[in-house]
Amino acid sequence: MRSVGSTLADFEQDLISNLYYQRGTTLESASGSDGYQTLALTVRDRLVERYARTAAAHYEANPRFVYYLSAEYLLGRQLGQNLLYTDTERFVRPIAADLGVTLEDLESYDVEPGLGNGGLGRLAACLMDSMATLDIPAVGYGIRYEFGIFKQAFRDGAQVERPDDWTFYGNPWEFPAPDDRQVVGFYGTTAAALDDPTGLRRQWTPGEVVRGEPSHMLVPGYGTQTVNIIRLWQARASRQSFDLSRFGAGQYKEAVEDIVRAENISKVLYPDDSTEQGRELRLKQQYFLVACSLRDIIRRYRLRNTGWDAFPAKVVIQLNDTHPVMAVTELMRLLVDEYKLDWDLAWSITRRTFNYTCHTLLPEALETWPVAVVERLLPRHMEIIYAINHFFLQEVEATYPGDLDRLRRLSIIQEEPDKRVRMAHLAVVGSTAVNGVAELHTRLLAATTLRDFAELWPQKFHNVTNGVTPRRFVRLANPRLSELITERLGDESWLTDLDRLEGLAGVADDPAFLERWRAVKRANKVDLAAHVERSTGVVIDPDALCDVMIKRFHEYKRQHLKLLHVIMLFNRLREHPDLDVVPRTVLFGGKAAPGYHSMKLLLRLVNAVAETVNTDPVVSRRLKVVLPPDYNVTRAQWIIPAADLSEQISLAGKEASGTGNMKLALNGALTIGTLDGANIEIRDRVGADNFFLFGLDAQEAADLRRDYHPRAYYESDPDLRAAIDTIAAGTFAKGDRSLFAPVVDSMLGRDEYLALADYRAYLECQERVEHAWRDQEAWARMSVLNSARSGFFSSDRTVREYCDRIWRVEPVRVA
Ligand code: Z57
């Protein structure tokens with residue numbers, strides 16, 4: 001096997017060679033982009049070799065593999081990570097300095113692949129990182145969207161979306177693998193299979209055929225030799241659809257239309273997070289992903305195994321939410337129709353192969369597809385779903401004889417108000433294990449959303465609390481803090497054993513250490529201030545409390561509750577210019593789905609409040625509000641290290657887990673939050689004294705929602721009334737009372753997520769925050785304890801739990 005050199009001289013040589021032979025240019029004429037691309041290729045070379053050794057070790061060991069199926073991967077920038085994982089940054093700095101460029105200049109060319117919306121996609125990326133780090137044989141499967149999550153800009157404060165043409169300059173981090181292409185069918189008809197008396201095997205003749213072309217991104221482990229891959233599928237017209245006769249017959253336009261239709265499948269990521277848009281093209285995307293991936297999984301299985309008996313022992317497939325759940329039916333179709341297994345054996349193999357992670361409790365995020373749509377697009381799959389449901393309901397009937405209502409509730413098919421396929425039900429029926437993503441979430445799933453299933457199969461339900469990778473979200477994002485931690489703990493082993501952060505608790509009372517901890521936070525805030533000024537023009541004070549709410553804009557997350565607090569502060573400072581309040585910068589970051597009008601209006605209101613606050617000569621000395629555009633993983637890595645206060649204020653019972661909460665706590669932010677998702681587990685670990693808790697709990701929220709009158713809160717709380725009236729008066733719209741009227745109406749009308757009910761408690765909690773902030777040393781101590789006690793939230797721990805409880809896979813060491 002060819003091997004790359006490991007010295008500075010080797011690295012330099014390879015750079016020159018790559019510049020010349022890969023970029024086709026010379027040092028004299030290279031552009032900045034050439035410099036970046038060359039560096040990327042040279043770093044990549046170091047990973048390729050490890051990947052080749054990994055593939056060889058995996059082939060040799062023929063282990064059980066984890067196949068992670070996900071419609072989204074939010075990977076973040078690759079250059080910094082791959083420099084760290086190949087330990088080559090130490091070469092690049094001196095070489096770059098010689099050439100008169102900085103690493104930061106080069107990094108500015110690194111484009112983050114935005115192949116996801118938010119938490120779900122970023123979790124997939126963190127789990128892939130941890131699997132590689134723990135030497136777990138794994139492949140991630142996804143879609144190579146030509147356009148990732150849209151780029152957000154603001155025009156007159158309103159969100160405008162621009163396409164994310166992320167591969168425009170070429171993507172040095174991926175490898176096309178055209179040899180492994182697959183063919184996928186859609187539409188068409190089904191017919192009886194001649195040789196099958198049971199009628200369960202049938203034949204599908206698709207009406208449209210599309211090719212899936214794979215490429216892969218390398219996923220290196222940290223501190224190990226393993227390099228796994230994420231295989232991404234792009235749709236292209238199959239040769240059949242290049243119907244030459246049509247070209248010949250003057251039907252050029254029709255022939256091209258077929259090509260366009262095929263390529264549209266992977267054209268764009270659906271930009272909705274935690275809401276569903278039942279578009280046929282989306283189902284087409286989902287099936288495209290699973291059909292290509294299953295064929296590839298079977299191809300890989302057959303490299304080293306024969307027959308089907310060993311399939312569930314060698315293959316475990318994790319379904320990331322319901323998006324890839326059509327895989328259950330597709331595996332059945334492949335086994336029964338194509339490989340001629342009998343139904344019961346095929347079903348036994350299928351059920352033992354899949355597991356399902358649920359990421360939500362919101363009814364609007366639980367996918368259902370109209371039967372009519374599935375029937376047209378995937379006629380054979382619809383038949384298989386009916387058959388699966390038939391046998392499943394027989395099972396239910398045997399357990400609960402005569403309980404028709406229960407049958408109706410459990411059925412994979414919803415009958416009223418229209419006939420739909422419930423993807424979550426199909427997932428649970430087709431899987432061995434079902435897991436929620438935080439303790440509360442799992443408990444609520446079993447008690448509400450999936451209650452009948454939890455009663456039927458209690459042993460199927462598991463909790464695996466989410467985690468985040470400390471490599472990206474501490475080491476890369478926060479090098480200053482990382483250095484301080486390493487110095488204090490004596491070595492870098494905490495990066496792969498995050499519980500070792502507990503060692504910091506011992507110095508949480510050491511004034512000298514606290515001084516250094518604060519200096520790190522302040523330096524990070526100075527850096528963030530530069531980013532904020534560049535992107536918004538607003539100058540922020542690095543000594544002000546940095547109060548951040550970074551996440552998708554969604555009503556249940558309650559950005560409007562935060563905004564009411566900001567408006568209250570604004571009113572107070574205007575009325576009492578000399579009031580002794582804690583100087584604060586409130587930083588929002590997040591996108592709203594392009595069709596989510598109420599949240600786009602809220603973004604506009606945030607910008608309008610920011611403008612009013614920041615230009616008020618009195619108020620702006622103590623309060624600043626900023627919303628830097630286009631929040632993404634890269635920007636998260638700038639903001640998180642500078643945060644003092646982490647806003648996790650969703651209505652209890654709505655946020656499945658949250659993972660930003662973990663990233664912020666690890667970087668020493670204190671949380672102000674509700675008893676929701678993983679906030680509860682964070683508080684349990686960091687200690688109630690080091691966490692600002694407020695608001696209704698999930699039970700209280702559910703009870704109150706049954707008979708809720710937001711106006712009563714408005715009328716009885718003068719601060720709340722004043723804040724809402726300030727919006728209604730047009731204060732943030734140059735006197736126009738109509739622009740933001742829908743925000744006011746929604747709060748006073750339905751207030752679906754009980755923001756008004758939690759307002760007073762939130763305000764009082766913010767007063768406790770101010771009080772705590774006034775003792776900077778005590779704050780620093782709490783900050784240290786937050787980091788020290790958050791080691792549990794490493795995605796390494798999450799992956800270990802999946803391995804032990806669900807996947808039952810063992811590591812394979814790569815020499
Ligand atoms: C998404 O980002 C999440 C759930 C969904 O159902 C969809 Br669709 C997208 C998020 C949850 O909202 C977070 O609470 C959770 O931390 C994250 O998934 C990862 O589990």
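First listed ligand is number 1; within each ligand, the first listed atom is number 1. No hydrogens, no waters, no symmetry mates; every other heavy atom, side chains included, goes into these values.
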Show the atoms of ligand 1 that are less than 4.0 angstrom away from any heavy atom in [X].
X      : answer
Glu655 : 11 (C), 12 (O), 13 (C), 14 (O)
Ala656 : 14 (O)
Tyr556 : 12 (O)
Asp321 : 5 (C), 6 (O)

Report the part of [X] (side chain from C-beta onward, or backbone N, CA, C, O) that has a heavy atom under 4.0 Å from ligand 1; answer both or neither where that applies.
X      : answer
Tyr270 : neither
Asn117 : neither
Leu362 : neither

Quick one: which of [options] has a heavy atom closest to [atom]?
atom                    : options                       : result
atom 11 (C) of ligand 1 : His359, Glu72, Lys557         : His359
atom 10 (C) of ligand 1 : Leu366, Leu74, Thr360, Leu120 : Leu120
atom 16 (O) of ligand 1 : Gly119, Gly658, Ser650        : Gly658

Carboxylate-amine/guanidinium proximity below 4.0 Å for [X] and [Y]:
X      : Y      : result
Arg635 : Asp630 : yes
Lys654 : Asp676 : no
Glu112 : Arg77  : no
Asp751 : Arg705 : no

message: Quick one: does any side-chain atom of Lys460 pair with a main-chain N or O of Ser431 as donor and acceptor, under 3.5 Å?
response: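 Checking the backbone N and O of Ser431 against the side chain of Lys460, a donor-acceptor pair under 3.5 Å is found.
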field: Arg558: which of Leu563, Asp758, Leu564 passes side chain to side chain contact (heavy atoms under 4.5 Å, CB included)
entry: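 Of Leu563, Asp758, Leu564, side chain to side chain contact (heavy atoms under 4.5 Å, CB included) with Arg558 is met by Asp758 alone.
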task: Kindly write out the residues that satisfy salt bridge (Lys or Arg N to Asp or Glu O under 4.0 Å) with Asp164, not counting sequence neighbours, or none if the list is empty.
output: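 Expected list: none.
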message: Taking salt bridge (Lys or Arg N to Asp or Glu O under 4.0 Å) as the definition, give me every residue that meets it alongside Arg162, ordered by chain and number, with sequence neighbours left out.
response: none
message: If you measure every N or O of His323 against every N or O of ligand 1, does any of those distances drop under 3.5 Å?
response: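 In fact, backbone or side chain, His323 has no N or O that close.
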